[in-house]
2 protein chains.
Amino acid sequence: MIQSVDRAIRALGLLRSARGSHGLSLAQLAAGLELAPSTVHGIVKTLQAHGLVVQEPRSGHYRLGPELLKLGNVYLGTLELRSRSVTWSAELARRTGFAVRIGARTAGEVMIVHHEPRPDGSRQMAEAGLTLPLHATALGKAVLAFTGEEPGELPSMTADTVTERASLAEQLDQVRARALAAEQEEAVLGECGLAAPIADAESVVGAIGIVVPIAEWPVAESAIAAVREAARTISHELGATGWPAAR
Amino acid sequence: MIQSVDRAIRALGLLRSARGSHGLSLAQLAAGLELAPSTVHGIVKTLQAHGLVVQEPRSGHYRLGPELLKLGNVYLGTLELRSRSVTWSAELARRTGFAVRIGARTAGEVMIVHHEPRPDGSRQMAEAGLTLPLHATALGKAVLAFTGEEPGELPSMTADTVTERASLAEQLDQVRARALAAEQEEAVLGECGLAAPIADAESVVGAIGIVVPIAEWPVAESAIAAVREAARTISHELGATGWPAAR
DNA sequence: AAGCTCATTCGACATTACCGAATCATCGAG
DNA sequence: CTCGATGATTCGGTAATGTCGAATGAGCTT
């Protein structure tokens, strides 16, 4: 682990969590990293030269730069899971009438890599790049059930969030049995989810699911079948030999 | 400029331009950076520990990681230009019937920070994060005319791309006079654009415009007025005292 | 107009990252 | 199934590099 590179990335992380405020001053950055201001200065100037951070002309504060968006976008483009899923997510949205989300498995989270709005046009901005907790979302449970990784913590997000490992394990057993994960107001009040895992030739790499307002829950059997079918089809395209579990 | 941080960022850039192929091997990265493989190894392992790159389990190749998407997304969220513009871009799309783009000025380019699809639902994926050349797009010309920066090169993209500085300067004079930039098949065949600059209290920071298929060009006077009005309104919200030019 | 805060610059020190060689795993050929 | 080659990874010595503290200068407030 190279020290200066590590420090530079931690600086980016600090700028990320400082969202809302108008950037961070050099002194704040130095305090957060527990380094001398002059040390941090060299780091941010290097990042700035490449457009990863920008400096506000007036206050001198630093914030994240546009180059990061370009890099993030390329990451999206290289994701085979995403490119194979977009056409099917449109189909799923059409058949069910709900908004569709595709999530990719990342370290300890599920990241939304595609969002298909409801066909009726009710607009809601859920951008690609948002990450969801594994234990409190349908997409997350669909992934968690088949990867066997242990979530570190189970933070409570609403009154209905599952926070006990025992009951989560029980749920995951059902998910494995049905190849389908459900969630009712466990992450966002008024919002439910239904998702199925997507696998490639080796393991479960993500999930596809629908977002359902609580007023329209539970959904019809046909919608459940549609979610399963979309996940199965995409998995097949990604080279999965069996479904839901690989192998 | 810190050497190792600089090298790490150049490695990310290399991985970015290697799009299409399935990542880059350590040896390829080392060759591209003109460094010893072991040196590059330390760099990518540090990047990997933070999720900025991931390694494919099978081939050992490296590619960009999900953390970059998170960072890029936060950049979008901190952009005041974007948050002030989204509501007005929906309005503009409704009034004109065309897809709407919002571009932010970055170093030598214009970056799309928001895309509003056509109200009629014809779907086209122009993602946020794409960058457009300054000289061959309506958004770019709208920015270029008021920032006074000299574009380095004028690469030809279609038969109609303006590649001579003299004729470009002439066009920019008109843009300044009308506070409106137009483009006909100069970047993408079959596609025209119309855009107006957006300023904050100090300078022009971006532009808003519509994307028009060649078959529907030229657009009605009412659409032109709508683009201008949207740009003027957003500029006002951003604290611009005059329009189009700041000051 | 003066004092303050904060970003920035500079130089000396030693910590740190760099490189080359050795090791190990993986894949392909014989 | 064995052998060879390619390429990722590890390790240790060297010196180049980044780090820190103090000094400078700009901008803002009092």
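Labels below follow one simple rule: chain letters A, B, ... track the order of the sequence lines, proteins then strands, and each chain is numbered from 1. These figures come from a predicted structure and were not determined experimentally.
- A salt bridge does not link B:Arg7 to B:Glu34: none of the charged nitrogens lies less than 4.0 Å from a carboxylate oxygen.
- Contacts of A:Ser25 classified as side chain to side chain contact (heavy atoms under 4.5 Å, CB included), with partners at least two apart in sequence or in another chain: A:Ala27, A:Gln28, A:His61.
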For residues 146-153 of chain B, please give each side-chain donor-acceptor pair under 3.5 Å, one per line with the distance, not counting sequence neighbours.
from     : atom 1 : to       : atom 2 : distance (Å)
B:Thr147 : OG1    : B:Val143 : O      : 3.2
B:Glu150 : OE1    : B:Arg165 : NH1    : 3.2

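- In this structure, B:Leu144 CG and B:Leu168 CG are separated by 6.0 Å, a value rounded to the nearest 0.5 Å.
- Counting to the nearest Å, the P atom of D:dG18 and the CE atom of B:Met1 are 11 Å from each other.
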Report, one pair per line, the protein and nucleotides 23-29 of chain C atoms (nitrogen or oxygen only) whose separation is under 3.5 Å.
none

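- Taking side-chain N and O atoms only, A:His41 has no distance below 4.0 Å to OP1 or OP2 of C:dA7.
- Rounded to whole Å, atom P of C:dC6 lies 14 Å from atom CG of A:Leu29.
- The residue among B:Glu34 and A:Tyr62 whose nearest nucleotide of DNA chain C lies closer to the 5′ end is A:Tyr62.
- Within the structure, salt bridge (charged side-chain N to carboxylate O under 4.0 Å, His left out) pairs that include any residue of residues 43-57 of chain A comprise A:Glu56-A:Arg63 (at least two apart or interchain).
- In the model, A:Thr163 has no side-chain atom that pairs as donor or acceptor with a side-chain atom of A:Ser156 under 3.5 Å.
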All N/O contacts under 3.5 Å from nucleotides 21-24 of chain D to the protein, with atom names and distances to one decimal?
from   : atom 1 : to      : atom 2 : distance (Å)
D:dG21 : O6     : A:Ser38 : OG     : 3.1

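- Of the residues A:Lys141, A:Arg176, A:Glu183, the one that meets the side chain to side chain donor-acceptor pair (under 3.5 Å) test with A:Gln171 is A:Lys141.
- One atom, CD of A:Gln28, and another, C1' of C:dT5, lie 13 Å apart when rounded to the nearest Å.
- Remark: A:Arg232 does not engage A:Glu229 in a salt bridge, criterion side-chain N to carboxylate O under 4.0 Å.
- The distance between atom CG of A:Leu24 and atom P of C:dA7, rounded to the nearest whole Å, is 10 Å.
- In this structure, B:Leu47 atom CG and C:dA17 atom P are separated by 13 Å, rounded to whole Å.
- Across every non-hydrogen atom of A:Ala36 and A:Ala30, the tightest pair is C-CB, 4.3 Å.
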Show each protein N/O and nucleotides 12-16 of chain C N/O combination with a separation under 3.5 Å, one pair to a line.
from   : atom 1 : to     : atom 2 : distance (Å)
C:dT16 : OP1    : A:Gln3 : NE2    : 3.1

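- In this model, no donor atom of one side chain and acceptor atom of the other lie less than 3.5 Å apart for B:Gln48 and B:His50.
- Counting to the nearest Å, the P atom of D:dT17 and the NZ atom of A:Lys45 are 22 Å from each other.
- Residue A:Gln55 places none of its side-chain N or O atoms closer than 4.0 Å to OP1 or OP2 of C:dC6.
- Here the P atom of nucleotide C:dC19 and the CG atom of B:Leu26 are 13 Å apart, to the nearest Å.
- The pair A:Arg58-B:Glu202 meets the salt-bridge criterion, with a side-chain N (NZ, NE, NH1 or NH2) lying under 4.0 Å from an Asp/Glu carboxylate O.
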